[in-house]
2 protein chains.
Amino acid sequence: MSEATRWLDGREQDVWRTYITMSSALTDALDRQLQGDSKMPYTYYEILVVLSEAPERSLRMSELAGLRGSSRSRLSHAVSRLEEAGWVVRRECPTDKRGQVAVLTDTGFDALRAAAPGHVTAVRETLFDQLTAEQVDALGQISAAVLRKLDPEGTLPGNREPAPGAGACGQPPDV
Amino acid sequence: MSEATRWLDGREQDVWRTYITMSSALTDALDRQLQGDSKMPYTYYEILVVLSEAPERSLRMSELAGLRGSSRSRLSHAVSRLEEAGWVVRRECPTDKRGQVAVLTDTGFDALRAAAPGHVTAVRETLFDQLTAEQVDALGQISAAVLRKLDPEGTLPGNREPAPGAGACGQPPDV
DNA sequence: CGGTTTCGATTGAGAGTTCAACTAGGGGGT
DNA sequence: ACCCCCTAGTTGAACTCTCAATCGAAACCG
């Protein structure tokens with residue numbers, strides 16, 4: 001606090017402004033695409049993806065929250081909403097009576113399978129099709145470096161080594 | 001639509017997951033820092049920044065919305081909120097009776113000046129301090145490439161050539 | 001064991017965003 | 001003038017997210 005602020009120089013300001021504008025425009029575009037085509041916000045899509053890859057297509061609430069870097073409260077609200085849609089159900093946890101387990105239903109899996117192609121196509125067209133192979137590599141390294149700072153423990157997906165079953169997001173949902 | 005979906009390969013999935021996780025964690029962190037230290041969400045901070053750089057520290061509502069890539073509705077709600085805080089006032093536009101002009105107040109400017117150091121420090125520590133000079137360059141080019149696709153007309157800040165008075169975001173607010 | 005603390009999860013209120021109306025003023029064209 | 005349409009901006013409802021408060025269940029401890 002006693003240190004003088006290290007302001008950004010001209011180049012850094014340019015990069016920052018361009019990055020933050022691109023970043024919000026990109027998530028906006030993906031959100032709109034999913035909401036329009038599949039009636040689900042992007043954050044809910046991510047929940048379905050994570051569940052679809054989990055064993056038994058089910059996860060404890062707090063594991064799900066941790067994997068998604070979202071608060072317990074947010075997840076609780078979200079799962080309530082997904083339950084209304086019939087895409088997820090809550091079950092009691094057999095080993096811990098405080099716990100709840102979220103399970104992806106068949107309907108939810110179908111909804112995910114229907115939503116995936118449009119989403120992946122949007123990601124490919126807006127992001128990967130605009131970049132060279134070297135830029136894709138660079139983006140991966142840059143993201144990993146920043147993420148290490150934001151999440152030193154490496155609990156978020158995409159941080160540290162690729163997770164064991166890490167497919168997802170861009171893959172066709174497994175049969 | 002008749003084309004087969006071009007799914008992401010393993011490397012692309014990794015990059016995408018890492019990027020999207022980093023990106024949301026970064027905006028979350030910045031939002032939290034600003035909300036905690038300065039009682040304003042990041043989107044409102046951006047509005048104050050844009051206003052502070054405009055001539056007379058004032059802009060038409062729709063110009064402000066365009067520059068920020070946000071909807072008119074969103075901006076209208078936001079300005080209402082900023083007006084309650086005493087940071088912005090609305091004035092009628094002299095040349096167009098439909099129009100409204102948002103003007104940054106002195107109080108608003110002081111709030112911005114107070115918020116800037118903490119925000120810039122957070123950006124520097126989480127982003128720029130984690131990257132090499134080459135990576136900063138690469139990030140700028142990657143962001144610009146994706147933004148060209150998302151905003152072909154180049155109306156958003158950070159797209160196309162650096163705007164005339166483009167300082168902002170990382171600079172000490174001008175006296 | 002009883003008592004306290006911590007943990008897993010939910011709830012409700014408050015704030016921000018989106019979307020679809022809606023109001024009102026400008027700008028042609030005839 | 002008049003009519004039609006487009007533009008600028010606002011509004012309210014529905015939805016998501018955050019934060020603080022809450023509650024029951026586990027874990028810990030003397």
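Numbered from 1 within each chain, the chains take letters A, B, ... in sequence-line order.
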Peer 1: Mark yes or no for whether B:Thr27, through its side chain, and B:Ser23, through its backbone, hold a donor-acceptor pair below 3.5 Å.
Peer 2: yes
Peer 1: Whole angstroms only, please: what is the CZ-P distance between A:Arg68 and D:dT18?
Peer 2: 11 Å
Peer 1: With side chain to side chain donor-acceptor pair (under 3.5 Å) as the test, would you mind laying out the steps for B:Arg57 and B:Thr105 before giving the verdict?
Peer 2: CA-CA 8 Å; B:Arg57 290 180 193 164; B:Thr105 64; over 6 Å; no
Peer 1: Ignoring hydrogens and geometry beyond distance, is a side-chain donor-acceptor pair present between A:Arg124 and B:Thr5 at under 3.5 Å?
Peer 2: no
Peer 1: Please report the distance, rounded to the nearest Å, between CE in A:Met40 and P in D:dC17.
Peer 2: 14 Å
Peer 1: To the nearest angstrom, how far is A:Leu75 atom CG from D:dC17 atom C1'?
Peer 2: 12 Å
Peer 1: Please report the distance, rounded to the nearest Å, between NZ in B:Lys97 and P in C:dG27.
Peer 2: 12 Å
Peer 1: Measure CG/B:Leu64 against C1'/D:dG9 and give the value in whole Å, please.
Peer 2: 13 Å
Peer 1: Take the protein atom CE of B:Met61 and the nucleotide atom C1' of D:dT11, then report the distance between them rounded to whole Å.
Peer 2: 13 Å
Peer 1: Sugar-phosphate atoms are those with a prime plus P, OP1 and OP2; base atoms are the rest. Using that split, label each nucleotide of nucleotides 11-20 of chain C B, S or - for protein heavy atoms under 4.0 Å, 5' to 3'.
Peer 2: BB--SSSBB-
Peer 1: Any idea which of D:dA8, C:dT10, C:dG8 is nearest the A:Gln100 side chain?
Peer 2: C:dT10
Peer 1: Looking only at side-chain N and O atoms, does A:Asp37 offer a donor or acceptor that is under 3.5 Å from a partner on A:Gln33?
Peer 2: yes
Peer 1: Nearest whole Å is fine: how far is D:dC17 C1' from B:Tyr42 OH?
Peer 2: 19 Å
Peer 1: Over how many whole Å does the gap from A:Arg98 atom CZ to D:dG24 atom C1' extend?
Peer 2: 9 Å
Peer 1: Taking atom CD of A:Glu84 as the centre, report whether more than 12 heavy atoms of other residues, nucleotides or ligands fall under 6.0 Å from it.
Peer 2: yes
Peer 1: Can you tell if the side chain of B:Leu48 reaches within under 4.5 Å of the side chain of B:Met40, non-hydrogen atoms only?
Peer 2: yes
